[in-house]
Amino acid sequence: MKTLELFLGRESAGEELTVMNKVQLNATSIPHLQQSLLQWYTLFGRDLPWRHNQDPYKIWISEIMLQQTQVKTVIPYFHRWLIEFPTLISLANASQQQVLKAWEGLGYYARARNLHQAAQQMVRCHTGEVPPNLQSLLTLPGIGRTTAGGILSSAYNQPISILDTNVKRVLARLIALPVPVNQAIPDLWKLTDQLLSQDQPRDFNQALMDLGAMVCLPKHPSCSSCPWQSHCQAHILGKTMEIPSAKVRQTLPHKLIGVAVIRNQNGEILIDRRRQGGLLGGLWEFPGGKIEPGETVEECIHREIQEELGILVTVEDPLITIDHTYSHFWVTLYVHHCQYLSGEPQPLECDEIRWVTLEQLTDFPFPKANTRIIEALKEALTE
DNA sequence: AACGCGTGGCC
DNA sequence: TGGCCAAGCGT
């Protein structure tokens, strides 16, 4: 009997590889797994906007937006995006600020910067099309193996597999993976490769993700309605809830930040554009910085504004205090009204600075925590 | 190879 | 309701 053998949890350390666990999937069951999943998909697959046609550009946009982001969150962004950037050319010709503004609120902003760069790269090197092959796709910023597989299977119906969070969970349960998912990535790629339907790769990949998103849920999987129930080793062994093993999360560090809403005699407000590359790169913000030990908020803001912009301000009343959680830390922003005193503002620690009116603020892309400052400011100034 | 990278939904 | 989680990629 043919079997697909997956060797998991090898020991490394220079010596000969030691097989700690061997998981086998009966190769003769693969056609049945494919057919039962595809049949389930025709009955229960989701009706999603990016499944309405096979335009590679739209498929690409959806794949990027969906990285680490729920379908429900993506849908309105996807529609707005296609109105503003209906074609690959229009995206390539847009400014980064336009692109970031359309992305505002979606998070992981490197995705938007990469999308913009990749569009320009496609125009320069790929005749203005989303390249229909794996090698070329992987050279584009923001496109890794799973996204490339998603694009090639969805847009071109090519038999390229994917391994996203949903697929990892489904496959880990299917074979009752005895180690954490992250320790078995090469094996899971082999498995998703082996399972992929060569006849219907588009539907198969979409079906696999729908199964993970609708049935094989992290917390409460509906095994009774799963087309793979009779093949699922986790279900057979009663280990569905333990697989995949949850990853340990450590508590997020906390940062205290002083933030300045600086207004000049004309009532204009000073904002700065964050440097490319790092956290929230390319987005605008109200200037400020970390409160040092033993420092008051007022002292911090006065110092930071001098260091970052080379100007003097008087720190006045508090405007708002905001707690905000990022992916790897959380902050408390102590936001104060400030009055501009002297000096010519310079972009010492940012890419650009601007004096803008209250109305103009909404033309710039801001991170979420800063849009809350803008709302508070509008309330304060219209009273 | 582990870590940096946002935000909102969900309970 | 605070914590977990989501169609990953780049470095």
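Computed from a prediction, not measured in an experiment: that's the story for all the values here. A, B, ... follow the sequence lines: proteins, then strands. Residue 1 opens every chain.
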- What does A:Trp103 touch in the nucleic acid at a heavy-atom separation under 4.0 angstrom: a base, only the sugar-phosphate, or nothing? nothing
- Item | Outermost nucleotides of DNA chain C that come under 4.0 Å of a non-hydrogen atom of chain A | C:dC4 to C:dG10
- Distance only, no hydrogens: is a donor on one side chain within 3.5 Å (strictly under) of an acceptor on the other, for A:Arg169 and A:Asn166? yes
- Query: Between A:Asp323 and A:Arg372, is there a side-chain N and carboxylate O pair less than 4.0 Å apart?
  - Reply: no
- Message: Can you list, in residue-number order, the parts of residues 148-165 of chain A that come under 4.0 Å of DNA chain C, counting heavy atoms only?
- Response: A:Asp164, A:Thr165
- Go through the side-chain N and O atoms of A:Asn26 and A:Thr28 and say whether any donor and acceptor fall under 3.5 Å apart. yes
Quick one: which protein N/O atoms are closer than 3.5 Å to N/O atoms of nucleotides 7-9 of chain B? Pair and distance per line, please.
from  : atom 1 : to       : atom 2 : distance (Å)
B:dT7 : OP1    : A:Tyr109 : OH     : 2.9
B:dT7 : OP1    : A:Lys368 : N      : 2.8
B:dT7 : OP2    : A:His324 : NE2    : 2.8
B:dT7 : O3'    : A:Gly105 : O      : 3.2
B:dG9 : O4'    : A:Gln70  : NE2    : 2.8

- Rounded to whole angstroms, how far apart are CG on A:Asp323 and C1' on B:dG6? 16 Å
- Presence of salt bridge, A:Glu292 and A:Lys290, under 4.0 angstrom: no
- Once you round it to whole Å, what is the distance between P of B:dG6 and CG of A:Asn370? 13 Å
- Message: Using ring centroids (six-membered ring only for Trp), state whether A:Tyr57 and A:Phe85 fall under 6.0 Å.
- Response: no
- Query: Can you check whether A:Tyr340 and A:Trp355 have ring centres sitting under 6.0 Å from each other?
  - Reply: yes
- Using the ring of A:Trp284 (Phe, Tyr or Trp, six-membered ring only), decide whether A:Arg274 places NZ or CZ under 6.0 Å from its centre and within 45 degrees of its axis. no
- Contact under 4.0 Å: A:His328 side-chain N or O vs B:dC5 OP1/OP2: yes
- Would you mind classifying the nucleic acid contact of A:Ile64 as base, sugar-phosphate or nothing, using non-hydrogen atoms under 4.0 angstrom? nothing
- Quick one: label A:Arg113 by what it contacts on the DNA or RNA (base, sugar-phosphate, nothing), any heavy atom closer than 4.0 Å. nothing
- Message: Between A:Glu299 and A:Arg303, does any side-chain N to carboxylate O distance fall below 4.0 Å?
- Response: no
- Query: Within the structure shown, what part of the strands sits under 4.0 Å from A:Leu252 by heavy-atom distance: base, sugar-phosphate, or nothing?
  - Reply: nothing
- Message: So if I apply the side chain to side chain contact (heavy atoms under 4.5 Å, CB included) rule between A:His235 and each of A:Cys226, A:Cys223, A:Ser230, which one comes out positive?
- Response: A:Cys223
- Task: Run the salt-bridge test on A:Asp187 and A:Lys168 with the 4.0 Å N-O cut-off and return the result as yes or no.
- Result: no
- Note on the structure: When rounded to whole Å, the CD to C1' distance for the pair A:Gln183 and B:dA1 reads 12 Å
- Query: With the threshold set at 4.0 Å, does a side-chain nitrogen-carboxylate oxygen contact exist between A:Lys239 and A:Glu242?
  - Reply: no
- Task: Using a heavy-atom cut-off of under 4.0 Å over every strand shown, decide if A:Glu104 touches base, sugar-phosphate, or nothing.
- Result: nothing
- Message: Would you say the ring centers of A:Tyr77 and A:Trp81 fall short of 6.0 Å from each other?
- Response: no
- Query: How do A:Pro141 and A:Arg169 order along DNA chain C: which one's closest nucleotide is nearer the 5' end?
  - Reply: A:Arg169
- Message: Without decimals, in angstroms, what is the distance between A:Arg275 CZ and B:dG4 P?
- Response: 20 Å
- Message: Give me the distance, rounded to whole Å, that separates C:dT11 from B:dG6 when you measure between the P atoms they each carry.
- Response: 14 Å
- Task: For B:dC11 versus C:dA7, give the span between their P atoms, rounded off to a whole number of Å.
- Result: 14 Å
